[in-house]
Amino acid sequence: MKFDKVLLVLTDDADQSIMPDAVQFCKNAGSRLFVLFVIEHNRIARLASLTQQKVKVVLNKTEEEGWKLLYLVEDDAVENGVWTSLHLEEGHLPQVANHYIESYGIDAMLVKRKDEFRRIFSTCPVPIVGL
Amino acid sequence: MQLKISECLKPEAIIMEIKAREKIAAINELVAHMVKNKLVSNGEEFIKALAKRENLESTGIGDGIAIPHARTNAVKDLILAFARSPKGIDFSAVDGKPSHIIFLIASPESKKSEYILALAKLSKLLRKHAVRELLRNAKEPKDIMEIIRKNEE
(Lines give C-alpha, C1' and ligand atoms only; values in the text may rest on other atoms or scores of the structure.)
Protein backbone atom coordinates (compact mmCIF):
# COMPACT_ATOMS: atom_id res chain seq x y z
CA MET A 1 0.00 0.00 0.00
CA LYS A 2 1.41 3.37 -1.02
CA PHE A 3 1.00 6.33 1.33
CA ASP A 4 1.81 9.51 -0.58
CA LYS A 5 0.75 11.96 2.14
CA VAL A 6 1.30 11.02 5.76
CA LEU A 7 0.18 13.03 8.80
CA LEU A 8 2.05 13.16 12.09
CA VAL A 9 -0.01 14.79 14.85
CA LEU A 10 1.81 16.21 17.86
CA THR A 11 0.61 17.71 21.11
CA ASP A 12 2.44 19.11 24.12
CA ASP A 13 2.45 15.68 25.77
CA ALA A 14 3.40 13.75 22.64
CA ASP A 15 6.01 11.00 22.84
CA GLN A 16 8.79 12.79 20.93
CA SER A 17 10.54 9.55 20.05
CA ILE A 18 8.03 9.23 17.23
CA MET A 19 9.56 12.23 15.43
CA PRO A 20 12.70 10.54 13.99
CA ASP A 21 10.69 7.35 13.43
CA ALA A 22 8.15 9.28 11.36
CA VAL A 23 10.91 10.81 9.23
CA GLN A 24 12.47 7.40 8.65
CA PHE A 25 9.07 5.92 7.78
CA CYS A 26 8.53 8.63 5.15
CA LYS A 27 12.06 8.26 3.82
CA ASN A 28 11.62 4.51 3.36
CA ALA A 29 8.06 4.77 2.01
CA GLY A 30 8.74 7.78 -0.23
CA SER A 31 5.94 9.66 1.55
CA ARG A 32 5.44 13.37 2.07
CA LEU A 33 5.24 14.29 5.75
CA PHE A 34 2.61 16.70 7.04
CA VAL A 35 3.25 17.62 10.67
CA LEU A 36 0.47 19.12 12.73
CA PHE A 37 0.84 20.42 16.27
CA VAL A 38 -2.50 20.87 18.03
CA ILE A 39 -2.96 23.16 21.01
CA GLU A 40 -5.88 21.76 22.96
CA HIS A 41 -7.80 24.48 24.81
CA ASN A 42 -9.17 22.15 27.48
CA ARG A 43 -5.70 20.92 28.27
CA ILE A 44 -4.27 24.45 28.42
CA ALA A 45 -6.94 25.49 30.91
CA ARG A 46 -6.29 22.39 33.00
CA LEU A 47 -2.52 22.92 32.96
CA ALA A 48 -2.94 26.58 33.91
CA SER A 49 -5.10 25.59 36.85
CA LEU A 50 -2.72 22.84 37.98
CA THR A 51 0.39 25.01 37.76
CA GLN A 52 -1.35 28.17 38.99
CA GLN A 53 -0.28 30.11 35.93
CA LYS A 54 -2.32 32.37 33.71
CA VAL A 55 -3.91 30.65 30.70
CA LYS A 56 -2.16 33.17 28.43
CA VAL A 57 1.25 32.21 29.84
CA VAL A 58 0.64 28.47 29.39
CA LEU A 59 -0.73 29.07 25.89
CA ASN A 60 2.37 31.09 24.96
CA LYS A 61 4.74 28.42 26.24
CA THR A 62 2.79 25.65 24.52
CA GLU A 63 2.75 27.48 21.22
CA GLU A 64 6.50 28.10 21.34
CA GLU A 65 7.11 24.46 22.28
CA GLY A 66 4.86 23.40 19.41
CA TRP A 67 6.80 25.38 16.84
CA LYS A 68 10.05 24.01 18.26
CA LEU A 69 8.84 20.43 17.79
CA LEU A 70 7.65 21.22 14.27
CA TYR A 71 10.99 22.73 13.25
CA LEU A 72 12.90 19.86 14.88
CA VAL A 73 10.97 17.37 12.75
CA GLU A 74 11.53 19.53 9.70
CA ASP A 75 15.28 19.83 10.30
CA ASP A 76 15.57 16.05 10.55
CA ALA A 77 13.37 15.62 7.48
CA VAL A 78 15.51 17.96 5.38
CA GLU A 79 18.64 16.06 6.44
CA ASN A 80 16.94 12.89 5.20
CA GLY A 81 15.55 14.38 2.01
CA VAL A 82 11.92 14.06 3.15
CA TRP A 83 9.39 16.67 1.98
CA THR A 84 7.55 18.32 4.91
CA SER A 85 4.75 20.75 5.59
CA LEU A 86 4.36 22.29 9.06
CA HIS A 87 1.08 23.31 10.69
CA LEU A 88 0.03 24.60 14.11
CA GLU A 89 -3.62 24.84 15.07
CA GLU A 90 -5.75 25.33 18.16
CA GLY A 91 -8.82 23.21 18.86
CA HIS A 92 -10.14 19.77 19.66
CA LEU A 93 -7.52 17.17 18.66
CA PRO A 94 -9.63 14.64 16.69
CA GLN A 95 -11.62 17.38 14.95
CA VAL A 96 -8.53 19.33 13.88
CA ALA A 97 -6.79 16.15 12.71
CA ASN A 98 -9.82 15.02 10.71
CA HIS A 99 -10.12 18.47 9.14
CA TYR A 100 -6.48 18.26 7.99
CA ILE A 101 -6.93 14.74 6.68
CA GLU A 102 -9.80 15.92 4.51
CA SER A 103 -8.26 19.26 3.49
CA TYR A 104 -4.91 17.85 2.43
CA GLY A 105 -6.01 14.44 1.16
CA ILE A 106 -3.93 12.58 3.76
CA ASP A 107 -3.49 8.83 3.13
CA ALA A 108 -2.39 7.66 6.59
CA MET A 109 -1.71 8.95 10.07
CA LEU A 110 1.33 8.01 12.15
CA VAL A 111 0.98 7.47 15.90
CA LYS A 112 3.15 6.18 18.70
CA ARG A 113 0.79 5.04 21.40
CA LYS A 114 -1.35 3.06 19.07
CA ASP A 115 -4.08 1.96 21.47
CA GLU A 116 -4.60 5.34 23.09
CA PHE A 117 -4.56 7.18 19.79
CA ARG A 118 -6.93 4.64 18.27
CA ARG A 119 -9.38 5.66 20.95
CA ILE A 120 -8.80 9.38 20.41
CA PHE A 121 -9.00 9.04 16.66
CA SER A 122 -11.85 6.54 16.56
CA THR A 123 -13.44 8.55 13.74
CA CYS A 124 -10.20 8.86 11.73
CA PRO A 125 -11.08 8.26 8.08
CA VAL A 126 -7.62 6.93 7.04
CA PRO A 127 -5.40 4.05 8.23
CA ILE A 128 -3.49 4.67 11.46
CA VAL A 129 0.08 3.39 11.39
CA GLY A 130 1.57 2.64 14.80
CA LEU A 131 5.35 3.18 14.97
CA MET B 1 17.90 29.42 26.72
CA GLN B 2 17.43 33.17 26.44
CA LEU B 3 17.18 34.46 22.90
CA LYS B 4 15.87 37.75 21.60
CA ILE B 5 15.10 37.61 17.91
CA SER B 6 15.15 41.42 17.78
CA GLU B 7 18.86 41.25 18.59
CA CYS B 8 19.49 39.08 15.52
CA LEU B 9 17.96 41.60 13.10
CA LYS B 10 20.11 44.50 11.92
CA PRO B 11 18.81 47.52 9.95
CA GLU B 12 21.16 46.68 7.06
CA ALA B 13 19.39 43.30 6.73
CA ILE B 14 16.05 44.92 5.97
CA ILE B 15 14.56 45.55 2.50
CA MET B 16 11.39 47.61 2.79
CA GLU B 17 10.29 46.84 -0.79
CA ILE B 18 11.78 43.86 -2.52
CA LYS B 19 11.90 43.94 -6.34
CA ALA B 20 11.74 40.18 -6.99
CA ARG B 21 8.38 38.64 -7.91
CA GLU B 22 9.08 34.96 -7.33
CA LYS B 23 10.61 33.07 -4.43
CA ILE B 24 14.05 32.05 -5.69
CA ALA B 25 14.61 35.55 -7.09
CA ALA B 26 13.49 36.99 -3.73
CA ILE B 27 15.91 34.75 -1.84
CA ASN B 28 18.71 35.75 -4.23
CA GLU B 29 17.91 39.44 -3.75
CA LEU B 30 17.85 39.14 0.04
CA VAL B 31 21.10 37.18 0.16
CA ALA B 32 22.80 39.62 -2.24
CA HIS B 33 21.71 42.44 0.06
CA MET B 34 23.17 40.59 3.05
CA VAL B 35 26.44 39.86 1.22
CA LYS B 36 26.70 43.52 0.19
CA ASN B 37 26.33 44.51 3.84
CA LYS B 38 28.88 41.90 4.95
CA LEU B 39 26.37 39.84 6.95
CA VAL B 40 27.07 36.69 4.92
CA SER B 41 30.51 35.46 3.89
CA ASN B 42 29.55 33.00 1.16
CA GLY B 43 26.40 33.99 -0.74
CA GLU B 44 26.48 31.02 -3.11
CA GLU B 45 26.68 28.43 -0.34
CA PHE B 46 23.93 30.26 1.55
CA ILE B 47 21.57 30.27 -1.45
CA LYS B 48 22.29 26.57 -2.04
CA ALA B 49 21.31 25.74 1.57
CA LEU B 50 18.13 27.82 1.34
CA ALA B 51 17.17 26.33 -2.02
CA LYS B 52 17.63 22.80 -0.65
CA ARG B 53 14.95 23.51 1.96
CA GLU B 54 12.64 25.25 -0.49
CA ASN B 55 12.67 22.09 -2.60
CA LEU B 56 11.65 19.94 0.35
CA GLU B 57 9.04 22.05 2.07
CA SER B 58 6.88 25.10 1.95
CA THR B 59 8.39 27.93 3.98
CA GLY B 60 5.24 29.96 3.40
CA ILE B 61 3.53 29.50 6.76
CA GLY B 62 0.32 31.23 5.71
CA ASP B 63 -1.31 34.61 6.46
CA GLY B 64 1.07 36.29 4.00
CA ILE B 65 4.23 35.18 5.79
CA ALA B 66 7.23 33.22 4.52
CA ILE B 67 10.24 32.18 6.59
CA PRO B 68 12.96 30.76 4.34
CA HIS B 69 15.69 29.33 6.58
CA ALA B 70 18.80 27.22 6.66
CA ARG B 71 21.64 26.01 8.82
CA THR B 72 24.83 26.74 6.95
CA ASN B 73 28.41 27.71 7.71
CA ALA B 74 28.03 30.52 5.18
CA VAL B 75 27.05 32.60 8.23
CA LYS B 76 29.08 33.04 11.40
CA ASP B 77 26.19 33.65 13.80
CA LEU B 78 22.43 33.42 13.99
CA ILE B 79 21.08 36.13 11.70
CA LEU B 80 17.73 37.40 10.58
CA ALA B 81 16.76 39.39 7.49
CA PHE B 82 13.47 40.98 6.50
CA ALA B 83 11.85 41.90 3.21
CA ARG B 84 8.42 43.15 2.26
CA SER B 85 6.64 42.57 -1.02
CA PRO B 86 3.56 44.75 -1.59
CA LYS B 87 2.40 42.56 -4.49
CA GLY B 88 3.20 39.28 -2.75
CA ILE B 89 5.35 36.32 -3.76
CA ASP B 90 4.30 32.70 -4.19
CA PHE B 91 6.13 30.71 -1.50
CA SER B 92 3.76 27.74 -1.92
CA ALA B 93 2.19 28.77 1.37
CA VAL B 94 0.04 26.29 3.28
CA ASP B 95 -3.02 28.50 2.73
CA GLY B 96 -2.20 29.14 -0.93
CA LYS B 97 -1.90 32.90 -0.39
CA PRO B 98 1.05 35.02 -1.60
CA SER B 99 3.63 36.08 0.98
CA HIS B 100 4.00 39.80 1.63
CA ILE B 101 6.32 39.56 4.62
CA ILE B 102 9.49 37.51 4.34
CA PHE B 103 11.82 36.74 7.21
CA LEU B 104 14.99 34.86 6.45
CA ILE B 105 16.78 33.00 9.24
CA ALA B 106 20.21 31.43 9.09
CA SER B 107 22.60 30.00 11.60
CA PRO B 108 25.87 28.08 11.53
CA GLU B 109 25.52 24.29 11.49
CA SER B 110 26.66 24.09 15.11
CA LYS B 111 23.93 26.35 16.51
CA LYS B 112 20.93 24.09 16.01
CA SER B 113 19.21 24.83 19.34
CA GLU B 114 19.35 28.61 18.86
CA TYR B 115 18.21 28.22 15.28
CA ILE B 116 15.18 26.09 16.21
CA LEU B 117 14.30 28.47 19.03
CA ALA B 118 14.55 31.52 16.76
CA LEU B 119 12.28 29.87 14.19
CA ALA B 120 9.78 28.97 16.91
CA LYS B 121 9.77 32.45 18.45
CA LEU B 122 9.41 34.16 15.09
CA SER B 123 6.62 31.82 13.92
CA LYS B 124 4.75 32.42 17.16
CA LEU B 125 5.18 36.19 16.88
CA LEU B 126 3.95 36.26 13.30
CA ARG B 127 0.76 34.36 14.11
CA LYS B 128 -0.44 37.57 15.75
CA HIS B 129 -2.62 39.51 13.34
CA ALA B 130 -1.74 42.85 14.95
CA VAL B 131 2.00 42.25 14.49
CA ARG B 132 1.53 41.34 10.83
CA GLU B 133 -0.45 44.52 10.24
CA LEU B 134 2.19 46.66 11.94
CA LEU B 135 4.92 45.08 9.81
CA ARG B 136 2.89 45.63 6.64
CA ASN B 137 2.42 49.31 7.44
CA ALA B 138 5.88 50.14 8.82
CA LYS B 139 7.66 52.95 6.99
CA GLU B 140 11.33 52.44 7.84
CA PRO B 141 13.75 49.69 8.93
CA LYS B 142 13.88 51.12 12.44
CA ASP B 143 10.09 50.67 12.70
CA ILE B 144 10.42 46.99 11.77
CA MET B 145 13.03 46.50 14.48
CA GLU B 146 10.92 48.32 17.04
CA ILE B 147 7.83 46.22 16.23
CA ILE B 148 9.79 43.01 16.75
CA ARG B 149 11.41 44.27 19.94
CA LYS B 150 8.15 45.46 21.48
CA ASN B 151 6.13 42.38 20.63
CA GLU B 152 8.45 39.51 21.39
CA GLU B 153 7.94 38.00 24.82
Side-chain angles (χ1 to χ4, degrees), chain A residues 5-8 10 12 16 19-20 22-23 26-27 30-39 44 53-91 96 99-100 103-106, chain B residues 1-5 48-63 65-72 78 80 91-97 99 103-129 131 151-153:
Chain A
K5 296 178 183 176
V6 164
L7 178 67
L8 172 64
L10 299 171
D12 66 304
Q16 294 179 22
M19 290 159 43
V23 170
C26 290
K27 185 180 181 180
S31 307
R32 286 186 279 173
L33 180 59
F34 289 71
V35 195
L36 169 66
F37 185 92
V38 182
I39 299 173
I44 296 297
Q53 294 180 87
K54 286 183 179 169
V55 168
K56 192 182 165 188
V57 172
V58 178
L59 186 61
N60 250 321
K61 282 183 189 168
T62 307
E63 186 177 344
E64 190 169 303
E65 191 58 31
W67 282 115
K68 275 166 70 178
L69 293 182
L70 291 171
Y71 283 114
L72 277 170
V73 177
E74 179 230 69
D75 201 61
D76 187 26
V78 169
E79 290 294 312
N80 284 280
V82 173
W83 186 96
T84 52
S85 181
L86 309 181
H87 306 261
L88 184 141
E89 291 291 336
E90 296 177 25
V96 177
H99 171 73
Y100 266 76
S103 301
Y104 290 95
I106 299 294
Chain B
M1 184 190 292
Q2 287 293 320
L3 186 134
K4 292 275 181 196
I5 48 175
K48 207 171 148 187
L50 289 163
K52 182 183 172 189
R53 274 186 195 259
E54 291 299 327
N55 287 333
L56 286 171
E57 64 177 306
S58 158
T59 57
I61 64 168
D63 295 319
I65 306 289
I67 311 179
H69 53 279
R71 274 195 298 134
T72 167
L78 180 69
L80 203 63
F91 266 83
S92 310
V94 292
D95 59 4
K97 293 178 186 168
S99 300
F103 273 98
L104 189 152
I105 295 185
S107 86
E109 293 279 0
S110 60
K111 295 198 172 177
K112 183 174 172 178
S113 301
E114 285 177 44
Y115 165 75
I116 296 288
L117 186 57
L119 281 166
K121 282 181 176 285
L122 188 63
S123 300
K124 185 177 71 143
L125 181 71
L126 295 172
R127 279 216 334 145
K128 294 178 185 168
H129 176 75
V131 173
N151 287 281
E152 73 174 320
E153 288 150 310

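Chain identifiers are assigned alphabetically (A, B, ...) following the order of the sequence lines, protein sequences preceding nucleic acid strands; residue numbering begins at 1 within each chain.
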Could [X] and [Y] be called an ion pair, given the rule that one side-chain N must be under 4.0 Å from one carboxylate O?
X	Y	value
A:Glu64	B:Lys124	yes
B:Arg127	A:Glu90	yes
B:Lys112	A:Asp76	no

> Does the side chain to side chain contact (heavy atoms under 4.5 Å, CB included) test come out yes or no for A:Tyr104 and B:Val94, once each step is laid out?
Replying inline: CA-CA 10 Å; A:Tyr104 290 95; B:Val94 292; 4.0 Å; yes

> Is chain B contacted by the side chain of A:Leu69, its backbone, both, or neither, given a heavy-atom distance below 4.5 Å?
Replying inline: neither

> Tell me, side chain or backbone of A:Ser85 under 4.5 Å from chain B's heavy atoms, or both, or neither?
Replying inline: side chain

Side-chain touch [X]/[Y], heavy atoms, less than 4.5 angstrom:
X	Y	value
A:Trp83	B:Asn55	no
B:Arg71	A:Glu79	yes
B:Ile116	A:Glu74	no

> For A:Arg32 and B:Glu57, what are the C-alpha separation, side-chain angles and deciding distance, and is it a side chain to side chain contact (heavy atoms under 4.5 Å, CB included)?
Replying inline: CA-CA 9 Å; A:Arg32 286 186 279 173; B:Glu57 64 177 306; over 6 Å; no

>> Between A:Leu88, A:Leu86, A:Thr84, A:Leu33, who has the most heavy-atom pairs with chain B when the cutoff is under 4.5 Å?
In response: A:Thr84

>> Assess the residue pair A:Tyr71 and B:Ile105 against the criterion (side chain to side chain contact (heavy atoms under 4.5 Å, CB included)); give the C-alpha distance rounded to whole Å, side-chain angles, the decisive distance to 0.1 Å, and a yes or no.
In response: CA-CA 12 Å; A:Tyr71 283 114; B:Ile105 295 185; over 6 Å; no

>> So, taking the atom named CG in B:Leu122 and the one named CH2 in A:Trp67, what distance separates them when rounded to the nearest 0.5 Å?
In response: 10.0 Å

>> Can you tell me how far apart OG (B:Ser123) and NZ (A:Lys68) are? Round to the nearest 0.5 Å.
In response: 13.0 Å

> Above 12 or not: heavy atoms from other molecules or residues under 6.0 Å from NZ of A:Lys5?
Replying inline: yes

